[in-house]
Amino acid sequence: MTQAVQENMTKKDNWTKGSWRKLPIKQQPAYDDETELNNVLSQISKFPPIVTPNEIRALKRQLANVCNGNGFLLQGGDCAESFAEFSQDNLHAYFQVILQMTVALMYGTGKPVVKVGRIAGQFAKPRSDDFETKDGLKLPSYRGDIINNIEFSEEGRKNNPENLLKAYQQATATLNYLRSLAKGGEASLRNISRWNDAFISSSKQGKRFADVVSRIDECFSFIEACGLELDDVEKLKEADFFSSHEGLLLPYEEAQTQQDEYDGKYYDCSAHMLWIGDRTRSLNEAHIEFFRGIANPIASKVGPSMQEDELVELIRVLNPENEPGRLTLISRMGADKIEDLLPKFVRRVKKEGLNVVWSCDPMHGNTIKSPNGIKTRPFNDILSEVRSFFSVHQAEGTYAGGVHFEMTGQDVTECIGGAQAISEVDLKNRYHTHCDPRLNASQSLELAFLISEELKKRK
Ligand code: PEP
Ligand code: CO
């Protein structure tokens, strides 16, 4: 046992939801008025939880199945949710694409797909630079709507505690609507042929989806012809949908953390699952301290700067009981690096007998600037990283358990390539993201089909 793990175990009793406050912390905003901030946090701590410990435990059980090779994790949504893009239409379109991707993936994997949104709380952003300069004016960087405003002005870039309240309210309304869609019949596989919207009839991916739908419908008809009644099968009528975000802004997370009466554990009720970003995962710093004490399923990004021993320590600190479903590792190496970097981590984790879900984020290692200065991601690089991820796991005899995407249900032009052949010139047409470029609805579904094919090949 390493020293860090030992220290961590002896410290276990010393954990409180605020014990992170004594440690160094990165990527936090400073507020002009601490009293106002504390006021807001105190209000949030009394608000009803956005999710409940029961739901959180249900997700952990589903992720334990994924960890054991009996399921597949689909995690996706905005890079940064924004107050401006909050609407029924956007949420509905998002949910529909997630369901379509789910069907495509279920078809390929033959396994249940665990759906976790990067949504209902994905507001705070870590930034590479603290400041942004435009035409000689230097202002603090935009850190997400929960902190400041994207507008490049002195006023816009001020950190405003009131934004925490707005984010909490948007997160609750978002999850309320998505839960209703998931549980209220909208997600019923029995109605799958009714999902035929304009996108399905007009696009290549849509037609492909319609083809899968008709095959699923045929199966249902066959089963019913055998005399089995499907209308009352709960599993076909509703879907589980869970929320997640980067647990970056610890005062906000702490305010929503509570001890559950049932098992006495602490749950961060701001989301079902939380992850630690690649910039804030240093051992012995505040984020690891907070995360080790909450009982939610959690994840950590694993980027190119990760070291082998560091990863093992991180896993032991975050999952000392080696509980399946507790910890997901989201690798985000970049298409050109993954085959060199990932195998040694996968091999070591396997050798140490550590239970983790391996997931692939093919977005954050593949961001480039187009010649006209716009941040984008080539669809082919995204696809190539996903393919390499599956090959590495196949070669190492380990389970590739999931994928993590930045995507939207809207018809944006932010990532280049894909069947729609979005070019660098197209980027400025519908570029709406508040942070990183997202896959649009068609690209998301195309990717899900391509993954589905990869998985079928490897079965
Ligand atoms: C993110 O997922 O939005 C992000 C910032 O990723 P990473 O921490 O991997 O850079
Ligand atoms: Co991002």
Side-chain angles (χ1 to χ4, degrees), residues 25-29 73-82 85 94 116-130 141-147 150 167 243-250 252-253 271 273-282 285-288 290-291 298-306 310-311 314 318 327-335 337-338 341-342 345 358-369 374-379 381-382 385-386 389 402-408 412 414-415 431-440 443-444:
I25 188 163
K26 295 195 184 96
Q27 299 281 348
Q28 301 300 295
L73 167 65
L74 169 63
Q75 190 175 17
D78 274 321
C79 177
E81 285 174 280
S82 71
E85 285 199 328
Y94 162 81
V116 180
R118 273 181 71 112
I119 204 161
Q122 175 48 28
F123 290 102
K125 298 309 301 172
R127 303 316 306 254
S128 309
D129 297 309
D130 285 344
S141 293
Y142 169 62
R143 291 188 172 272
D145 279 7
I146 194 169
I147 294 165
I150 198 160
S243 65
S244 73
H245 61 259
E246 178 174 347
L248 179 69
L249 202 53
L250 294 187
Y252 179 77
E253 303 304 336
M273 183 176 186
L274 292 123
W275 76 86
I276 312 175
D278 203 43
R279 294 169 185 77
T280 48
R281 56 167 171 71
S282 305
E285 289 197 359
H287 286 84
I288 299 288
F290 178 75
F291 271 73
I298 57 170
S300 175
K301 293 289 192 86
V302 179
S305 67
M306 180 66 93
E310 183 189 10
L311 178 64
L314 181 112
L318 293 177
L327 182 62
T328 296
L329 297 178
I330 307 170
S331 114
R332 37 87 88 218
M333 301 295 180
K337 299 194 194 77
I338 179 168
L341 298 179
L342 186 63
F345 295 123
W358 277 107
S359 177
C360 172
D361 164 0
M363 315 298 294
H364 288 90
N366 295 310
T367 316
I368 56 165
K369 266 219 170 123
I374 302 178
K375 238 205 243 183
T376 188
R377 288 164 172 159
F379 187 80
D381 290 355
I382 294 171
E385 180 155 358
V386 174
F389 176 77
V403 282
H404 181 116
F405 299 135
E406 288 188 342
M407 37 109 14
T408 169
V412 297
E414 298 173 4
C415 293
Y431 194 94
H432 301 309
T433 182
H434 270 49
C435 198
D436 290 339
R438 302 160 295 179
L439 296 166
N440 64 25
Q443 290 169 325
S444 302

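Residues: numbered from 1 along the sequence shown. Counting convention: from 1, in listed order, for ligands and their atoms alike.
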For the residue pair [Y] / [X], report whether a side-chain donor-acceptor contact shorter than 3.5 Å exists.
| X | Y | value |
| --- | --- | --- |
| Thr376 | Lys369 | no |
| His245 | Glu253 | yes |
| Arg377 | Thr367 | yes |
| His404 | Arg332 | no |

Checklist line | Backbone or side-chain N/O/S of Cys435 under 2.8 Å of the Co ion (ligand 2) | finding: no
Check: Does any N or O atom in Asp278 lie less than 3.5 angstrom from one in ligand 1, N or O only?
Finding: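 For ligand 1, there is an N or O atom that lies under 3.5 Å from one belonging to Asp278.
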Next item on the list: Compute the shortest N/O to N/O distance between His404 and ligand 1 and return yes if it is under 3.5 Å, no if not.
Entry: no
Notebook entry, point to check: Okay, side chain of Ser141, backbone of Asp129: is any donor-acceptor separation there less than 3.5 Å?
Noted result: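 Side chain of Ser141 to backbone of Asp129: a pair is present.
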Notebook entry, point to check: Can you tell me which residue and heavy atom of the protein come closest to atom 1 (C) of ligand 1, and the distance to 0.1 Å?
Noted result: His364 NE2, 3.1 Å
Which of the atoms of ligand 1 are close to [X], meaning less than 4.0 Å from one of its heavy atoms?
| X | result |
| --- | --- |
| Gly277 | 8 (O) |
| Arg332 | 7 (P), 9 (O), 10 (O) |
| Glu406 | 1 (C), 3 (O) |
| Arg118 | 1 (C), 2 (O), 3 (O) |

Notebook entry, point to check: If you measure from each heavy atom of Pro126 to ligand 1, is any distance below 4.0 Å?
Noted result: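 Yes; Pro126 lies near enough to ligand 1 that a heavy-atom distance drops under 4.0 Å.
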Next item on the list: Between Gln122, Lys125, Glu246, Met363, flag the one that comes closest to atom 3 (O) of ligand 1 by a heavy atom.
Entry: Lys125
Next item on the list: From the options Gln27, Arg127, Lys301, select the one whose nearest heavy atom is closest to atom 7 (P) of ligand 1.
Entry: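 Checking each option, the heavy atom nearest atom 7 (P) of ligand 1 is found in Lys301.
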Note to self: As a quick check of understanding, evaluate side-chain hydrogen bond (donor to acceptor under 3.5 Å, both in side chains) for Glu414 and Asn440, giving each step before the final call.
What the structure shows: CA-CA 8 Å; Glu414 298 173 4; Asn440 64 25; over 6 Å; no
Checklist line | Electrostatic pair Lys125:Asp436 at N-O distance under 4.0 angstrom | finding: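 Judged by the 4.0 Å cut-off on N to carboxylate O distance, Lys125 and Asp436 do not form a salt bridge.
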Item checked: Of Arg438, His364, Gln122, the residue whose pairing with Glu406 passes side-chain hydrogen bond (donor to acceptor under 3.5 Å, both in side chains) ->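 It is His364, the one option of Arg438, His364, Gln122 that forms the side-chain hydrogen bond (donor to acceptor under 3.5 Å, both in side chains) with Glu406.
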Notebook entry, point to check: Would a 4.5 Å heavy-atom cut-off, applied to side chains only, mark Val116 and Ser243 as touching?
Noted result: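 Of all side-chain heavy-atom pairs linking Ser243 with Val116, none is under 4.5 Å.
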Next item on the list: Round to 10° and report the angle made at the Co ion (ligand 2) by OD2 of Asp436 and SG of Cys79.
Entry: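 It rounds to 100°.
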Notebook entry, point to check: So which of the N, O or S atoms of Glu406 lies nearest the Co ion (ligand 2)?
Noted result: OE2
